[in-house]
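Read through the structure below, which is laid out as structure tokens, and then see the notes.
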Amino acid sequence: MFISFEGIDGCGKSTQVTLLEAAIRAAGRNVLLVRDPGHTPLSEAIRGLLLDKQQSMMTARTELLLYSAARAQMVETVICPALEARTVVICDRFIDSTIAYQGFGRQLPMADIERCNAVATSGLLPDLTLFLDIPLALSKRRCGDKGADRIELAGDAFFQRVIAGYHHLAFTQPDRVRRLDAERSVAELHEQIWCIVSEHTSFAA
Ligand code: TMP
């Protein structure tokens, strides 16, 4: 099973992926937690470029290609072998981030986003995507003054479009992309996530 988590900064993804990983492990399954972009040395190096504030001249199309390159490396060398070994894979972000951030946020043509996603993943889709939804105002409160990276400097209008992109995905692909109210407590949200994962697979019963 392949599960991805999505949402804007401060939505609680990191906490929830860790809790889900522990719960799946406690249920006796092998589980691998990865982040996109990242995980492999090459993908982490690309992540460094993507988030570096010094790279302020990076164009939206270059950004799209770099996210795709980082993902291609991780899919082929890490995710596919793990899934073949029947390991449950939890991915902190995946293709829906590219649709929301580069498609809706940067407003690149959706056909280009889809082509890049297809090349990067060879068509691999998560079985389940959990979108942790919070309003932008809460994201800003939760993130406070922590040093913003290059993407986080994009501004409110950009992030409102990203949120709209995630809502669009949850609306148009309701079987895969589940929208969760991430203003709830950590424990409540984890319980809800565990219920949804249980609906999809027998190991969480
Ligand atoms: P993180 O903050 O979840 O670690 O993700 C890194 C940043 O990269 C975050 O601001 C979202 C952004 N991002 C994209 O813009 N497009 C993508 O395809 C991915 C995976 C992340």
Side-chain angles (χ1 to χ4, degrees), residues 2-18 20-21 33-40 42-56 58-76 78-79 89-122 124-126 129-134 136 138-140 142-166 168-169 177 180 182:
F2 179 25
I3 304 166
S4 64
F5 277 74
E6 295 285 352
I8 58 170
D9 236 40
C11 69
K13 267 186 306 102
S14 315
T15 307
Q16 293 298 334
V17 290
T18 309
L20 181 62
E21 180 197 22
L33 177 55
V34 296
R35 68 172 180 179
D36 184 14
H39 197 78
T40 75
L42 177 55
S43 309
E44 287 289 341
I46 296 172
R47 178 189 176 88
L49 286 172
L50 280 163
L51 301 185
D52 183 358
K53 276 188 287 197
Q54 306 290 330
Q55 299 292 346
S56 57
M58 188 183 297
T59 71
R61 294 166 68 80
T62 304
E63 183 179 289
L64 169 64
L65 291 168
L66 287 176
Y67 277 112
S68 304
R71 181 170 306 134
Q73 184 71 17
M74 180 172 66
V75 166
E76 199 167 335
V78 178
I79 296 184
V89 176
I90 304 174
C91 199
D92 186 340
R93 299 192 181 281
F94 201 59
I95 50 158
D96 301 295
S97 281
T98 314
I99 295 169
Y101 282 75
Q102 280 67 53
F104 283 78
R106 300 284 191 223
Q107 300 179 301
L108 287 173
M110 210 43 85
D112 289 349
I113 306 288
E114 281 166 10
R115 270 205 299 270
C116 285
N117 278 345
V119 172
T121 64
S122 300
L124 176 72
L125 262 183
T129 297
L130 299 160
F131 160 40
L132 307 194
D133 191 16
I134 54 166
L136 185 55
L138 179 58
S139 162
K140 288 164 100 172
R142 283 187 179 170
C143 295
D145 308 327
K146 101 175 158 58
D149 61 37
R150 194 182 60 83
I151 301 288
E152 287 158 5
L153 291 173
D156 286 5
F158 172 87
F159 284 104
Q160 293 294 10
R161 289 197 298 274
V162 170
I163 293 170
Y166 278 131
H168 172 81
L169 283 162
V177 183
L180 306 180

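Atoms within a ligand are numbered from 1 in the order they appear, just like the ligands themselves. Because only heavy atoms are used, hydrogens play no part in the values below, and waters and symmetry mates are left out as well, while side chains stay in. Keep in mind it's a predicted model, so treat the numbers as computed, not measured.
- Looking from atom 14 (C) of ligand 1 to the surrounding protein, the closest heavy atom is Y67 CZ, 3.2 Å.
- Under a 4.0 Å heavy-atom criterion, E63 is not in contact with ligand 1.
- Every atom of ligand 1 with a heavy atom of T98 under 4.0 Å away is listed here by number and element: 17 (C), 18 (O).
- The heavy atom nearest to atom 11 (C) of ligand 1, considering only Q102, R47, R93, is found in R93.
- Looking only at heavy atoms of the protein, atom 20 (C) of ligand 1 is closest to D36 O, 3.2 Å.
- Counting protein heavy atoms only, atom 2 (O) of ligand 1 is closest to D9 OD1, 3.6 Å.
- In this structure, E76 places its CD atom where only 12 or fewer heavy-atom neighbours from other residues, nucleotides or ligands lie under 6.0 Å away.
- With hydrogens and angles disregarded, no donor-acceptor distance shorter than 3.5 Å links the side chain of Q73 to the backbone of A70.
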Item checked: Derivation of the side-chain contact (heavy atoms from CB on, under 4.5 Å) call for Y166 and S97 -> CA-CA 8 Å; Y166 278 131; S97 281; 3.4 Å; yes
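- For the residue pair Y101 / R93, a side-chain donor-acceptor distance below 3.5 Å is found, with atom types taken as modelled.
- Looking only at heavy atoms of the protein, atom 10 (O) of ligand 1 is closest to I151 CG2, 3.3 Å.
- For ligand 1, the polar-atom distance check finds an N/O of R71 within less than 3.5 Å of one of the ligand's N/O atoms.
- Looking at every heavy atom in both residues, F94 comes nearest to R71 through O-NH2, 3.5 Å.
- Here the straight-line distance linking atom CG of L50 with atom CZ of R47 works out to 9.0 Å at 0.5 Å rounding.
- Those atoms of ligand 1 with a heavy atom of K13 less than 4.0 angstrom away are 3 (O).
- Of the charged side-chain nitrogens involved, at least one lies within less than 4.0 Å of a carboxylate oxygen, so that E44 and R35 count as a salt-bridged pair.
- Within the structure, the closest approach of L51 to ligand 1 falls below 4.0 Å when heavy atoms are considered.
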